[in-house]
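Hydrogens, waters and symmetry mates play no part in the numbers below; they use all other heavy atoms, side chains included. Note that the coordinates shown come from a computational prediction; the quantities given were computed from them, not determined experimentally.
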Number of protein chains: 2
Amino acid sequence: MTLIGILLMCESMAGKVISKRLVTVSDVARSAGVSKATAARVLGNYSTVSTEVKDKVLEAAKKLGYQPNELARSMTTGKSNTIGVIVGDIENPYFGLAVRGISDAAASAGFDVVLSNSGEDLTREKAAVRVLLGKRVDGLIVAPSSFKDVEHLHEVQQSGRPLVLLDRTVQGLSVDAVVADDRQAALTATRTLIDAGHRRIAYISATVSDDPVYRGLHQIHLSTVMERIEGVLEASRAAGIESPEQYIRLSVGRRGKGEAIIADLLQGKQRPTAIIASDNLVALQVFKTLHQLGMNIPDDVSLIAFHDADWTSVTSPPITVVSQPVYELGFESAQVLLQRITDPSESPRCRVLSTHLIIRKSVAAPPYV
Amino acid sequence: MTLIGILLMCESMAGKVISKRLVTVSDVARSAGVSKATAARVLGNYSTVSTEVKDKVLEAAKKLGYQPNELARSMTTGKSNTIGVIVGDIENPYFGLAVRGISDAAASAGFDVVLSNSGEDLTREKAAVRVLLGKRVDGLIVAPSSFKDVEHLHEVQQSGRPLVLLDRTVQGLSVDAVVADDRQAALTATRTLIDAGHRRIAYISATVSDDPVYRGLHQIHLSTVMERIEGVLEASRAAGIESPEQYIRLSVGRRGKGEAIIADLLQGKQRPTAIIASDNLVALQVFKTLHQLGMNIPDDVSLIAFHDADWTSVTSPPITVVSQPVYELGFESAQVLLQRITDPSESPRCRVLSTHLIIRKSVAAPPYV
DNA sequence: TTGAAAGCGGTACCAC
DNA sequence: GTGGTACCGCTTTCAA
């Protein structure tokens, strides 16, 4: 019916269909025989208008198929009712779930979400920040791909729009953040393995690095990775394990030679007897590599993976995992952001959501102690 | 350095920090001692400006920390350089992957992506369409949650902005679409099971319905589901199987009593000997239920699942799957959309991307033939 | 309660 | 090559 209205209008205009020109407040006003201001008042429902005039305008609006131009609206008000989100990799179920948390929180507050994918690339992340800021989002949620280079995040703050960090923190910036207790999680996971008798424990991360062999913190760009490595090392050292860092490997991402790196690690003579995988993609690669090598979980190698993806319970053996409150991470970060948008006065806080270990069947005593 | 510029400016303004007011073209023009028009020309890099003036403007812009207001830009040009995307469930890795395809295609053409989540809810989908249209996206990619109710999609077309359907088609609307060959896929999967000796083949879908038992096509809202059911039934009938529809079940989604529905189905006296799962979430539930029931794959029940999620190869047994070109579905749909944005003249086409079966170990002969 | 008009921050067309 | 200015579609004073 609305559609018919549009068609009629278009055709009535000198007989030829004009589909480009959209219906504006002025059009509605003219059609309803009132001023533009009055029409605007009822269409944007602010101020007060007499009931009869209001009806008249509404009717005209419906007849013409009026749709407000949010761009124009945002331009005058300065608010877009939109929050920008920049994640590392939307293909990763981890972020998918977090984004749903964000969407849900935003939607229930009447906010829209604009999503950008940085691909864990700092350059793209910076570009995304510029774009989103350019679109005048009311606030930004970012999972920063580097905790070292934060100039662009600083610019967000300078623009006066609130910023919330998701999943990861950065250095040298006073900003709200919602993260998981990665250090503690790594500590717990490592201790669990140590308690089971392991002394050679590998941590395998997907984080990119020139060298897959860990040489030091300078290779690390993600706060989560750093936290976890520190957690692993702390637990190891507390147990008197010597040079535990020799078993750390990086760059085991989606597109790379991850399985080769894992195979190398497992074929050294002093091979690890247990592996902690930084996410389930890494866990998957460990699984496949182990299978190819004819090794068994948990008899030959024990495994603990970060992130309780739903499938980790149906493998054989089912995988012991660090369960992270991913949805909550997203939901909470959006909550914080919306709060800051409403009232920017409060000072930044870092919220740490806790994880817990879900014990399944992928951890056992090491093959030879 | 940019930041310092901003700070200086703010502080130089009567000593108090003014963070609200953003730098505009006029500000830059004034600072550079040129007209607004000239400044605009270099800042928006159109038309021609002498090199020296250009440098002067650029310098002033950098000093003040000018950031273009894309909203204003879009308003005058009528283009936002943004495409809107509405998917059913971003948490589903299937859509996550498709969205990455879309993002990649869009990014390489200099377009941004605004994402909305319908949650497979028609009302939310309609709202999302309105919002995105209101934000003046240049085009829309939608995975429609119903092929029957398409009024809102019609409105998109009426607005003059191109629309591309992703993964699913609708009825009564001439529109571009990029989908997989679901019917053919279901046909092939079913035949594979029939060839293995199965006569009682269940199709289990996540699509919501009041009644988990299939009574007829009127329960179905998704074109993909319809296509697949038809494929299953056609292959079954061709093999002389009687009333194959008795084994179809619906509503086995994330939040529901999916496992109970599956358990019921498997405990009937004429239980199916093979199952086709509509996605890997369903497959997962089948896996778990079977395990609880003490049944084995493939000895007691054979399984074929739609979507080759990475984990389906590490279960035991690894699952035979219908591999869908999900990333390509997204990438291609964006390509088509961008093409339509550039040149709206061509008439709509439906592109069907082909799937293929990946044989693994979850299919065997039925337990008793 | 209603109307007229001044912006918001750009673009684009017009003279000069 | 540059400057002046009329828009884009809406919100928001300010008067009437």
Side-chain angles (χ1 to χ4, degrees), chain A residues 18 20-58 60-61 64-82 130-131 133-138 159-160, chain B residues 20-58 60-61 64-82 131 133-138 159-160:
Chain A
I18 301 161
K20 290 294 162 194
R21 218 343 208 74
L22 265 33
V23 182
T24 73
V25 174
S26 301
D27 297 328
V28 175
R30 201 176 311 121
S31 163
V34 298
S35 78
K36 180 181 156 190
T38 305
R41 280 191 262 261
V42 10
L43 262 16
N45 53 227
Y46 49 90
S47 190
T48 44
V49 183
S50 70
T51 324
E52 39 190 338
V53 174
K54 183 182 233 165
D55 290 344
K56 217 164 44 176
V57 172
L58 253 20
L64 300 182
Y66 169 78
Q67 294 288 115
N69 183 333
E70 299 296 343
L71 253 39
R73 206 168 256 182
S74 300
M75 211 166 76
T76 44
T77 59
K79 348 220 76 276
S80 61
N81 250 261
T82 303
R130 279 218 343 278
V131 168
L133 247 28
K135 287 195 187 304
R136 294 300 185 262
V137 293
D138 294 334
S159 79
Chain B
K20 290 294 164 193
R21 202 14 192 59
L22 266 31
V23 182
T24 74
V25 174
S26 302
D27 296 328
V28 176
R30 200 176 312 120
S31 165
V34 298
S35 77
K36 180 182 160 189
T38 304
R41 280 191 263 260
V42 10
L43 264 16
N45 53 230
Y46 50 90
S47 189
T48 44
V49 183
S50 71
T51 324
E52 39 189 336
V53 174
K54 182 181 233 166
D55 289 345
K56 216 164 44 174
V57 172
L58 251 21
L64 301 181
Y66 169 78
Q67 295 288 115
N69 183 334
E70 299 296 342
L71 254 39
R73 204 167 259 184
S74 302
M75 212 167 76
T76 43
T77 58
K79 348 220 76 276
S80 61
N81 249 260
T82 303
V131 168
L133 247 28
K135 285 196 188 303
R136 295 300 185 262
V137 293
D138 294 333
S159 78

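The main-chain N or O of B:Arg136 is found under 3.5 Å from a side-chain atom of B:Ser80 such that the two form a donor-acceptor pair. Between the side chain of A:Asp27 and the backbone N or O of A:Thr24, at least one donor-acceptor pair lies under 3.5 Å.
Here the C1' atom of nucleotide C:dT2 and the NZ atom of A:Lys56 are 11 Å apart, to the nearest Å.
In this model, the phosphate group of D:dG3 is approached by a side-chain N or O of B:Ser35 to a distance below 4.0 Å at OP1 or OP2. In this model, the phosphate group of C:dT1 is not approached by any side-chain N or O of A:Ser50 to a distance below 4.0 Å at OP1 or OP2.
To the nearest 0.5 Å, the span separating OG on B:Ser74 from CG on A:Leu71 amounts to 5.0 Å. Of the inter-residue distances, the one linking B:Thr82 atom OG1 with B:Lys135 atom NZ reads 10.0 Å to the nearest 0.5 angstrom.
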Would you list the protein and nucleotides 9-12 of chain D atom pairs, both N or O, that sit under 3.5 Å from each other?
| residue | atom | partner | partner atom | Å |
| --- | --- | --- | --- | --- |
| D:dC10 | OP1 | A:Tyr66 | OH | 2.9 |
| D:dC10 | OP1 | A:Asn69 | N | 3.3 |
| D:dC10 | OP2 | A:Val25 | N | 2.6 |
| D:dC10 | N4 | A:Lys36 | NZ | 2.4 |
| D:dT11 | OP1 | A:Arg73 | NE | 2.8 |
| D:dT11 | O4' | A:Thr76 | OG1 | 3.1 |

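Open room surrounds NZ on A:Lys54; 12 or fewer heavy atoms of other groups in view lie less than 6.0 Å from it.
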